[in-house]
Trainee: 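What follows is a structure written as structure tokens; I'll ask about it next.
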Protein chains: 2
Amino acid sequence: MGENVLDTKNALILAAGELFAKQGFDGVSTRMIAEKAKVNLGAIHYHFGSKEKLYVETFSTIAAEGKNFCLSEILETSPELLKTPSGQAEIIREVVFQFFRDLFEFSRRDWKKRLIIQELLHPSPIMPTLVGKILKPDNEELADFFLVLSPAKTRSEAYAWADMLYAQGFFYLMAREPLAVLRGAENMGEDFLRTVAATTARSMILLAGLPLPANLAF
Amino acid sequence: MGENVLDTKNALILAAGELFAKQGFDGVSTRMIAEKAKVNLGAIHYHFGSKEKLYVETFSTIAAEGKNFCLSEILETSPELLKTPSGQAEIIREVVFQFFRDLFEFSRRDWKKRLIIQELLHPSPIMPTLVGKILKPDNEELADFFLVLSPAKTRSEAYAWADMLYAQGFFYLMAREPLAVLRGAENMGEDFLRTVAATTARSMILLAGLPLPANLAF
DNA sequence: GTCTATAAACCGATAGAC
DNA sequence: GTCTATCGGTTTATAGAC
């Protein structure tokens with residue numbers, strides 16, 4: 001493939017990904033994609049065969065990316081944190097804050113997580129693949145971590161605990177517009193998102209029976 | 001208006017509401033609505049003028065309903081609970097469990113909350129009205145309650161606390177299919193939803209600095 | 001008020017010139 | 001590979017008979 005071919009394909013994937021992430025598969029037409037990518041309408045079917053195959057392709061760029069959060073990195077670089085309750089609490093705090101930073105801080109280019117959520121909300125045939133290859137490893141890792149901290153808890157409780165991170169993140173990512181109407185856009189800025197991250201971290205630390213770190217104490 | 005007119009309009013609103021709640025505005029065609037309501041396609045435009053106006057009408061039936069949760073009822077019927085920390089914790093537990101019961105137990109007829117969430121996820125011009133008239137009163141009441149329990153906390157922290165209830169409920173309501181794929185449908189039954197409700201209640205009680213009730217202790 | 005038939009616009013996809 | 005023009009299908013909405 002020549003460079004210009006890759007340029008066209010990449011421009012289409014980028015434009016399609018951003019649009020699908022914002023408005024969902026049904027809410028985007030091939031004409032909107034072609035216009036945003038500044039390529040001809042026919043190029044979509046020439047390069048990808050169909051709108052649906054282009055949609056699938058937008059996810060292949062996501063699969064190449066890393067994990068959704070940084071639990072395993074922390075455990076590798078700072079294994080000593082696992083030895084004390086306050087260290088364990090610090091791990092949770094860092095994972096939660098890193099997750100929220102990824103979700104919100106670079107919102108200009110982060111259509112990828114929105115795209116994943118759109119697929120979860122309106123599943124297509126590729127949803128099982130997305131869940132199995134991208135979400136499951138992260139999710140099991142997080143639930144396992146909870147069971148290390150609290151061996152007496154059940155696996156269901158570990159799942160409910162791990163889900164809190166996603167539930168909170170998804171809620172603020174997808175409901176920002178109504179929340180801005182509900183409380184005013186000036187109350188939905190970075191300060192509030194930090195408060196949300198802190199609240200989520202406190203919640204998960206307390207549920208694990210750990211002490212609140214000093215930087216999260218009330 | 002004659003009875004049969006009301007019958008036709010109500011049948012259309014009911015059918016449209018259920019379909020919109022499940023598949024969103026764009027995912028439902030007027031033909032699907034007419035077929036489900038067992039009326040003629042033309043009746044939609046005769047009685048409502050357009051698909052969008054029918055969509056708006058489905059929300060007017062929601063506005064007539066009561067609150068999203070039962071905090072004020074509990075405070076009226078059992079004001080003595082407010083006097084002790086364990087009573088305050090019991091209030092939170094009851095509000096959370098009632099909210100989850102409403103969301104999941106009667107899933108056959110409870111398309112209304114799903115419809116609200118669909119509108120929040122894909123806002124239309126009526127979103128501000130929905131937020132102001134239906135969500136805001138409940139939301140302010142819940143945040144105010146938190147500030148009664150913890151007067152030293154900020155209003156932002158109260159909002160982040162109140163949001164936990166919605167975030168958890170919305171997540172499990174909208175992401176049930178991917179979660180069933182992720183963990184198996186047999187692990188997503190009523191037992192797990194009770195675990196989720198208990199986890200949410202524990203979380204909000206602990207964040208308010210209250211003791212866990214006996215029926216929520218680990 | 002209810003129905004059929006159809007208009008007008010949009011959609012995804014394709015054929016064919018270049 | 002890129003473009004224009006268009007097909008076949010679906011959509012919302014409407015006109016007109018009954």
Side-chain angles (χ1 to χ4, degrees), chain A residues 1-60 115 118-119 121-127, chain B residues 1-60 115 118-119 121-127:
Chain A
M1 285 187 285
E3 280 184 21
N4 50 352
V5 176
L6 277 179
D7 282 351
T8 299
K9 291 189 73 169
N10 285 334
L12 278 171
I13 289 177
L14 182 66
E18 291 186 21
L19 288 171
F20 286 144
K22 208 178 292 179
Q23 301 169 245
F25 183 82
D26 290 333
V28 178
S29 72
T30 52
R31 283 169 177 80
M32 295 164 62
I33 298 170
E35 188 178 357
K36 186 179 176 76
K38 293 172 185 167
V39 303
N40 188 271
L41 173 62
I44 291 177
H45 298 88
Y46 179 81
H47 287 289
F48 299 97
S50 71
K51 176 187 177 187
E52 196 168 339
K53 287 179 183 171
L54 170 57
Y55 179 70
V56 172
E57 279 300 305
T58 62
F59 283 93
S60 65
L115 181 62
Q118 289 280 9
E119 172 63 22
L121 292 173
H122 306 288
S124 78
I126 71 161
M127 183 271 283
Chain B
M1 287 187 285
E3 280 184 21
N4 50 351
V5 175
L6 277 179
D7 282 351
T8 299
K9 292 188 73 168
N10 285 335
L12 277 172
I13 289 176
L14 182 65
E18 292 186 21
L19 288 171
F20 286 143
K22 208 178 293 179
Q23 300 168 244
F25 183 83
D26 290 332
V28 177
S29 72
T30 52
R31 282 169 178 77
M32 296 164 62
I33 297 169
E35 188 177 357
K36 186 180 177 77
K38 292 171 186 167
V39 304
N40 188 272
L41 173 62
I44 291 177
H45 297 88
Y46 178 80
H47 288 288
F48 298 97
S50 70
K51 177 188 177 186
E52 195 168 342
K53 287 180 183 169
L54 170 57
Y55 179 71
V56 172
E57 280 300 305
T58 62
F59 283 93
S60 63
L115 181 61
Q118 290 279 10
E119 172 62 22
L121 291 173
H122 306 287
S124 77
I126 70 159
M127 182 271 283

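Computation of the quantities below employed the complete heavy-atom set of this structure, encompassing side-chain atoms and omitting hydrogens, waters and symmetry-equivalent molecules. Residue numbers start from 1 in every chain, and the chains themselves are labelled A, B, ... in the order their sequence lines are given, proteins ahead of strands.
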Trainee: Figure out the NE2/C1' separation between B:His45 and D:dT14, and round it to whole Å.
Mentor: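 It works out to 8 Å between those atoms.
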Trainee: Provide, to the nearest angstrom, the distance between the CD1 atom belonging to B:Ile44 and the C1' atom belonging to C:dT4.
Mentor: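 For the pair B:Ile44 CD1 and C:dT4 C1', the rounded distance is 16 Å.
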Trainee: Side-chain N or O of A:Thr8 versus OP1/OP2 of D:dT2: is the shortest distance under 4.0 Å?
Mentor: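 Answer is yes, contact under 4.0 Å.
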Trainee: Please name the pair of heavy atoms, one in A:Thr30 and one in A:Ile44, separated by the smallest distance, quoted to 0.1 Å.
Mentor: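 Smallest heavy-atom distance, with atoms named: O-CD1, 3.4 Å.
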Trainee: Among residues at least two apart in sequence or on other chains, which ones pass side-chain hydrogen bond (donor to acceptor under 3.5 Å, both in side chains) with B:Ser50?
Mentor: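 B:Ser50 satisfies side-chain hydrogen bond (donor to acceptor under 3.5 Å, both in side chains) with no other residue.
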Trainee: Between A:Lys22 and A:Gln118, is any pair of side-chain heavy atoms under 4.5 Å apart?
Mentor: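 Of all side-chain heavy-atom pairs linking A:Gln118 with A:Lys22, none is under 4.5 Å.
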Trainee: So which of residues 28-41 of chain A are in contact with DNA chain C, with a heavy-atom cut-off of under 4.0 Å?
Mentor: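 Contacts with DNA chain C under 4.0 Å: A:Val28, A:Ser29, A:Thr30, A:Arg31, A:Leu41.
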Trainee: Checking A:Lys51 against A:Phe20: charged group under 6.0 Å from the ring centre and within 45 degrees of the axis?
Mentor: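 Checked: cation-pi criterion not met.
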Trainee: Out of curiosity, A:Ile126 CD1 to A:Glu52 CD, how far, rounded to the nearest 0.5 Å?
Mentor: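 Result: 8.5 Å between the selected atoms.
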Trainee: Could you give the distance from CZ (B:Phe48) to CD1 (B:Ile33), rounded to the nearest 0.5 Å?
Mentor: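 Rounded to the nearest 0.5 Å, the CZ-CD1 separation comes out at 9.5 Å.
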Trainee: Where along residues 48-56 of chain A does a heavy atom come under 4.0 Å from DNA chain D, residue by residue in number order?
Mentor: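 Under 4.0 Å from DNA chain D: no residue of residues 48-56 of chain A.
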Trainee: Whole Å only: how far is the CG atom of B:Leu19 from the P atom of D:dT11?
Mentor: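 Interatomic distance, CG of B:Leu19 to P of D:dT11: 13 Å.
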Trainee: Starting at NZ of B:Lys9 and ending at C1' of C:dT2, how long is that distance when rounded to a whole Å?
Mentor: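 Spelled out: NZ on B:Lys9 to C1' on C:dT2 is 16 Å.
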Trainee: Atom OH of B:Tyr46 and atom P of C:dT2: how far apart are they, to the nearest Å?
Mentor: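 Atom-to-atom, B:Tyr46 to C:dT2, this comes out as 7 Å.
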Trainee: Give, for atom CE of A:Met127 and atom CG of A:Leu121, the distance between the pair rounded to the nearest 0.5 Å.
Mentor: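 Output value for this atom pair is 11.0 Å.
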Trainee: For a 4.5 angstrom cut-off between non-hydrogen side-chain atoms, does B:Phe25 reach A:Asp26?
Mentor: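 Heavy-atom side-chain distance check fails, nothing below 4.5 Å.
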